[in-house]
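Each residue takes its place number in the sequence, starting with 1.
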Amino acid sequence: IGASAAHDSGYTGAGQTIAVIDTGGEAGHDFFGERVVHEACFSTSDPANDIRGVCPNGEYSDVGPGTATPCTDGNCEHGTHVAGIAGGSGDSFTGVAPEANIIAVQIASSFPNPGLSCFALRCGQPTLAAVISAMEHVYTLRNTYDIAAVNLSLGTVATSSTVCDGQIPPQDAVVDLLVNAGIAVIAGSGNASNSTGMSAPACISNVVSVGASTDNDGIASFSNSTPFLDLLAPGDNIESSVPGNTFGVLSGTSMATPMVAGAWAVLRQVDPDATIREILAALQLTGEPVNDSRHGVTT
């Protein structure tokens, strides 16, 4: 995606911060060095449905060192992997913005027998309330850190074939807060192989939506899309950090999204005054055009 050329020119995301709202991040992973600058947790407890909060303090929210420690039920490597793609830095390979700081926010709750992509007795999954609380928390940090982007490698199972503004008013409101503060909200389109619909929040007009491409500049078969998808980025068989101070390979629009969040931090370093629309336009005008044969649209 051109990141190596940017790094060679001195643009590594230094001075910028990427907020990763996910299943938590292993702050002590060598891939992050000392660049996880803030941690928080927002969770949900619903005893009637056996949904359990998993914040370290046993409450609905927690802020401070260690509070974004990855959940332990199911796919809890996800957040560390996503953060590494955006801002990891290692000896043999790096993330897209290897000198950017990271805000890690854990938003998982423990669900019973989810029947989704997690084949465990219980699975860490986000709730809408936790996602909104996490986004509101990031907004409160806007004057403490130069936050280039919020990464949301998550979304609803249901998809929308049209712009979905107004369907979830509280989420629209917090997206608008962040965008009006100059912080890009970047979300994955989803992994249901749907060529006519995207997950929320990617389908919100103020959100930068990201689908997944392959190494040979094709469309990943799992990637959701619509004619109003904003960008594609590599999301197939991506190696990055996982808990245990090691590495693993995952695929999904979840992996494509932090490619864009990392790029956002790099371009913010290049031009701190650039608007969200200017950065999006720069990526769209200079990126490799890829045709999606499912609907004939080039992104």
Side-chain angles (χ1 to χ4, degrees), residues 1-3 18 20-23 75 77-79 81-86 95-96 114 116-119 125-126 131 149-164 167 175 184-240 242 248-264 279-280 283-299:
I1 61 172
I18 303 164
V20 178
I21 296 174
D22 212 290
T23 62
N75 298 336
E77 64 186 5
H78 192 274
H81 196 273
V82 166
I85 295 170
V96 181
L116 298 173
S117 59
C118 174
F119 301 99
Q125 297 285 341
V131 173
V150 173
N151 190 99
L152 298 175
S153 288
L154 51 85
T156 56
V157 175
T159 59
S160 176
S161 60
T162 59
V163 173
C164 59
Q167 292 185 11
V175 166
V185 178
I186 304 172
S189 64
N191 303 320
S193 304
N194 190 332
S195 63
T196 60
M198 286 194 294
S199 300
C203 54
I204 297 172
S205 61
N206 259 354
V207 171
V208 177
S209 55
V210 184
S213 62
T214 63
D215 281 350
N216 62 357
D217 291 330
I219 303 294
S221 61
F222 52 78
S223 183
N224 289 352
S225 184
T226 66
F228 61 92
L229 177 72
D230 289 316
L231 293 167
L232 292 164
D236 193 27
N237 292 314
I238 306 298
E239 185 175 11
S240 183
V242 294
V249 174
L250 295 174
S251 297
T253 58
S254 285
M255 286 62 252
T257 305
M259 294 277 184
V260 175
W264 222 272
I279 293 176
L280 177 59
L283 292 170
Q284 289 175 326
L285 291 171
T286 60
E288 183 71 21
V290 178
N291 183 265
D292 190 333
S293 61
R294 299 174 300 180
H295 50 46
V297 175
T298 297
T299 303

Student: Do Leu152 and Val185 make a side-chain contact, defined as non-hydrogen atoms from C-beta onward lying under 4.5 Å apart?
Tutor: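 Yes, their side chains come closer than 4.5 Å.
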Student: Are Met259 and Val96 close enough that some pair of their side-chain heavy atoms sits under 4.5 Å apart?
Tutor: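 Yes. Closest side-chain heavy atoms under 4.5 Å.
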Student: Pick one: which of Asp236, Ile238, Val249 meets side-chain contact (heavy atoms from CB on, under 4.5 Å) with Met255?
Tutor: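 The passing option is Ile238.
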Student: Could you tell me which residues satisfy side-chain hydrogen bond (donor to acceptor under 3.5 Å, both in side chains) with Asp217, sequence neighbours excluded, listed by chain and number?
Tutor: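 For Asp217, no residue satisfies side-chain hydrogen bond (donor to acceptor under 3.5 Å, both in side chains) once neighbours in sequence are set aside.
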Student: Can you find a pair of side-chain heavy atoms, one from Pro201 and one from Leu154, that are under 4.5 Å apart?
Tutor: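 With C-beta onward as the side chain, the pair touches.
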Student: Looking just at side-chain N and O atoms, do Ser225 and His295 make a donor-acceptor pair shorter than 3.5 Å?
Tutor: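 Yes, a side-chain donor-acceptor pair sits under 3.5 Å.
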Student: Where the side chain of Asn191 meets the backbone of Phe222, is there a donor-acceptor pair that is under 3.5 Å apart?
Tutor: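 No: the side chain of Asn191 does not pair with the backbone of Phe222.
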Student: Measuring only between side-chain heavy atoms, which start at C-beta, is Val290 closer than 4.5 Å to Thr299?
Tutor: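 A side-chain contact under 4.5 Å is absent here.
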Student: Looking only at side-chain N and O atoms, does Asn151 offer a donor or acceptor that is under 3.5 Å from a partner on Thr257?
Tutor: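 Asn151 and Thr257 do not have a side-chain donor-acceptor pair below 3.5 Å.
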Student: Name all residues meeting the side-chain hydrogen bond (donor to acceptor under 3.5 Å, both in side chains) criterion together with Ser195; count only those two or more places apart in sequence or in a different chain, and write none if there are none.
Tutor: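 Result, side-chain hydrogen bond (donor to acceptor under 3.5 Å, both in side chains) vs Ser195: none returned.
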Student: Output, in order, the C-alpha distance, side-chain angles, deciding distance and verdict of side chain to side chain contact (heavy atoms under 4.5 Å, CB included) for Ser223 and Ser189.
Tutor: CA-CA 7 Å; Ser223 183; Ser189 64; 3.8 Å; yes
Student: Would you confirm whether Ser193, through its side chain, and Ser221, through its main-chain N or O, come within 3.5 Å as a donor-acceptor pair?
Tutor: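 Pair found, side chain donor or acceptor close to backbone of Ser221.
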Student: Nearest 0.5 Å, please: how far is CG in Leu231 from OG in Ser213?
Tutor: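 Answer for the OG-CG pair, Ser213 versus Leu231, is 10.5 Å.
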Student: Who are the side-chain hydrogen bond (donor to acceptor under 3.5 Å, both in side chains) partners of Thr226, not counting sequence neighbours?
Tutor: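 Thr226: no side-chain hydrogen bond (donor to acceptor under 3.5 Å, both in side chains) contacts found.
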